[in-house]
Amino acid sequence: MGRLFWKFLLAFWLALLLAGAVVGTTVWLHQRAQGQAAASLATGPRDALLVHTAALTLRHGGVDALRSLLEEWRDERGVPVLAVDDSGRELLGRPFGPEALAGARELVQSDVRPRMARRVAASDGSQYLLFVLAREGAVPHRHRPPQPPPFAFLLLGGLLGSLAFSALLAWYLSRPIRNLSWALRQIEEGRLETRVHPLMGRRRDEISDLGADFDRMAGQIEALVGAQKRLLHDVSHELRSPLARLQVAVGLARQQPAKLDQYLERIERESQRLDQLVGEVLTLARLESGMVQGGREEIDLGDLLAGVVEDACFEAEVQRRRIGMVNEAEGRDRLHGQAELLHRAIENVIRNALHHTPEGGAVEVALRAGGRGLVLTVDDHGPGVPEAELAAIFKPFRRGAHEQEGNGYGLGLAIARRAIEAHGGAIQAVNRPEGGLRVIIDLPVSSRLDPMQGAIAQRLAPDEAG
């Protein structure tokens with residue numbers, strides 16, 4: 001049991017003891033006062049009959065008849081039947097204690113059978129309270145109130161009962177916290193699959209909600225760590241091929257010095273590939289980790305897009321392909337963000353479309369107002385992507401089944417996705433009915449760059465130079 005359990009236990013126990021002591025003392029004092037009042041009265045059957053007879057006499061014969069009856073009983077039998085009016089005076093002037101009067105009034109209000117005390121109205125409108133004073137040893141045993149258990153027994157029972165209830169309540173409140181503590185230790189030890197909500201049972205309270213939040217957090221951590229492991233594995237795999245070719249080229253250059261220039265050219269080409277891969281990995285890592293450099297600025301997306309298309313046209317001409325651009329949002333194409341990030345994202349999407357468009361084909365780029373602000377579409381005339389792989393193409397090192405190794409590293413669209421999301425936008429891919437792939441980029445005009453998700457505009461340029 002943890003310290004929190006004992007704190008709960010002591011707090012609940014002391015609270016219960018204090019409440020029990022206050023209530024118990026109040027009840028005890030009340031019962032004691034009632035007992036003292038009832039002890040002043042006679043409660044036997046004979047006494048009840050005498051009170052009943054006096055009541056009938058007063059109701060039918062009046063006050064004088066009752067006075068005569070009470071005087072006769074006092075002289076002959078010594079029966080202390082008292083008749084007290086509303087002012088507290090006894091009909092024959094006999095003395096009595098306040099406890100007896102209070103007990104008689106309580107008996108009248110409680111309406112206990114047989115009626116040991118009665119309030120009767122006389123013919124003149126006056127009311128009298130009739131009761132019999134107790135005589136020592138005159139109360140039959142069967143009318144005596146039951147004796148309460150010993151005080152020590154009651155005290156012990158109350159202590160044990162309150163202790164058990166407090167322990168149960170403290171356990172109920174501290175158990176889910178201990179489960180959370182256990183789950184945190186499991187996560188600390190690397191067991192990321194640990195979940196705590198199943199241990200909460202049927203609880204439906206804030207602690208159960210905390211357990212569900214913990215499970216969501218653990219799931220996200222597990223997904224992130226898994227993604228990092230896959231990224232490390234993929235990077236290692238992608239680095240292995242150019243490094244192997246470098247080693248082969250170096251070995252052949254040593255064996256065949258006459259072909260040194262040819263092998264040096266190969267080594268230079270593989271080095272450039274390695275530099276490009278490392279640069280893209282660094283860019284993606286910075287976007288994933290939220291290393292932000294640079295501030296926001298107002299961007300004319302139409303001008304930025306025109307510049308990207310103009311640069312891509314040189315590459316398209318060499319590959320015997322064309323790029324067409326339409327800007328339907330002229331004058332409404334301004335937003336806030338980092339121009340370098342958006343340039344990189346759009347360039348990666350257009351270059352990917354060029355890569356999948358056959359010779360003689362065209363890539364169609366269109367910008368229009370819509371969605372949350374601006375919508376950019378890039379259409380190619382390639383083979384498209386299987387529906388099951390549409391979402392996967394934006395993940396690092398994911399290439400389609402028809403692509404060959406060496407046709408890029410599968411990082412361009414992943415970088416584009418993170419850059420667009422850093423500007424509060426969204427990117428998706430759909431297959432065109434007439435064939436090819438359409439990439440849709442939705443950017444909000446009032447975009448506010450997320451400082452934890454975004455960009456590296458000042459550091460991006462050196463990476464691209466490589």
Side-chain angles (χ1 to χ4, degrees), residues 279-280 283-284 286-287 292-319 321-357 361-380 394 411-429 437-451 453-466:
E280 290 185 350
T283 300
L284 181 63
R286 289 167 179 167
L287 284 170
V292 179
Q293 294 287 337
R296 295 181 297 104
E297 59 181 322
E298 190 176 24
I299 302 171
D300 188 323
L301 189 60
D303 290 346
L304 185 147
L305 179 61
V308 174
V309 171
E310 182 180 358
D311 294 339
C313 283
F314 290 103
E315 183 178 349
E317 290 178 3
V318 175
Q319 300 173 357
R321 299 174 176 91
R322 304 186 310 276
I323 301 179
M325 173 184 165
V326 176
N327 184 2
E328 300 178 359
E330 190 72 35
R332 297 173 294 168
D333 52 1
R334 306 188 73 84
L335 53 80
H336 287 80
Q338 287 193 5
E340 194 67 33
L341 272 182
L342 291 176
H343 185 283
R344 178 67 180 270
I346 297 172
E347 182 184 45
N348 286 348
V349 173
I350 294 178
R351 291 188 64 187
N352 182 78
L354 279 175
H355 174 71
H356 292 92
T357 297
V363 174
E364 301 167 3
V365 181
L367 179 64
R368 60 181 176 83
R372 291 178 292 172
L374 296 172
V375 177
L376 173 64
T377 58
V378 179
D379 298 348
D380 63 43
F394 296 103
L411 292 175
L413 292 182
I415 292 174
R417 177 179 66 87
R418 297 303 297 131
I420 295 300
E421 289 178 352
H423 286 80
I427 184 171
Q428 62 175 326
L437 187 71
R438 169 173 293 175
V439 176
I440 304 172
I441 298 175
D442 188 357
L443 284 170
V445 174
S446 59
S447 172
R448 293 294 182 266
L449 189 65
D450 185 355
Q453 296 293 332
I456 48 167
Q458 295 180 358
R459 295 190 181 184
L460 195 57
D463 290 338
E464 299 220 27

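Since this is a predicted model, take the numbers as computed values, not measurements. Just so you know, residue 1 is the first one in the sequence shown, and it goes up from there.
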Distance (rounded to the nearest 0.5 Å) between [X] [atom1] and [Y] [atom2]:
{"X": "Thr377", "Y": "Arg438", "atom1": "OG1", "atom2": "CZ", "value": "5.5 Å"}
{"X": "Ile415", "Y": "Phe394", "atom1": "CD1", "atom2": "CZ", "value": "13.5 Å"}
{"X": "Arg418", "Y": "Arg344", "atom1": "CZ", "atom2": "CZ", "value": "14.5 Å"}

ask   = Would you say Arg351 has more than 12 foreign heavy atoms packed within less than 6.0 Å of its CZ?
value = no

[X] (side chain) donor-acceptor with [Y] (main chain) under 3.5 angstrom:
{"X": "Arg321", "Y": "Ala362", "answer": "no"}
{"X": "His355", "Y": "Ile350", "answer": "no"}
{"X": "Arg368", "Y": "Glu328", "answer": "no"}
{"X": "Asn327", "Y": "Gly302", "answer": "no"}

Mind listing the closest non-hydrogen atom pair of [X] and [Y] along with its distance?
{"X": "Leu437", "Y": "Ala429", "result": "CD1-CB, 4.1 Å"}
{"X": "Ala345", "Y": "Ala419", "result": "CB-CB, 3.9 Å"}
{"X": "Asp380", "Y": "Ala353", "result": "CB-O, 3.6 Å"}
{"X": "Ala329", "Y": "Ala369", "result": "CB-N, 3.7 Å"}

key: Pairing of Glu421 and Arg417 as salt bridge, 4.0 angstrom limit   =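 Salt bridge flag = yes for Arg417 with Glu421.
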
Under 4.5 Å between any side-chain heavy atoms of [X] and [Y], yes or no?
{"X": "Leu305", "Y": "Leu376", "result": "yes"}
{"X": "Asp379", "Y": "Val439", "result": "no"}
{"X": "Ile427", "Y": "Ile440", "result": "no"}
{"X": "Leu354", "Y": "Gln319", "result": "yes"}
{"X": "Asp442", "Y": "Leu374", "result": "no"}
{"X": "Gln338", "Y": "His423", "result": "yes"}

request  = Decide side chain to side chain contact (heavy atoms under 4.5 Å, CB included) for Val309 and Glu347; before the verdict, give the C-alpha distance in whole Å, the side-chain angles of both, and the deciding distance to 0.1 Å.
outcome  = CA-CA 8 Å; Val309 171; Glu347 182 184 45; over 6 Å; no

task = Step by step, work out the side chain to side chain contact (heavy atoms under 4.5 Å, CB included) result for Leu301 and Leu367.
result = CA-CA 9 Å; Leu301 189 60; Leu367 179 64; 3.9 Å; yes

task = Sort out for me which residue in Leu341, Leu342, Asp333, Leu443 forms a side-chain contact (heavy atoms from CB on, under 4.5 Å) with Ile299.
result =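 For Ile299, the side-chain contact (heavy atoms from CB on, under 4.5 Å) test succeeds with only one of Leu341, Leu342, Asp333, Leu443, which is Leu342.
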
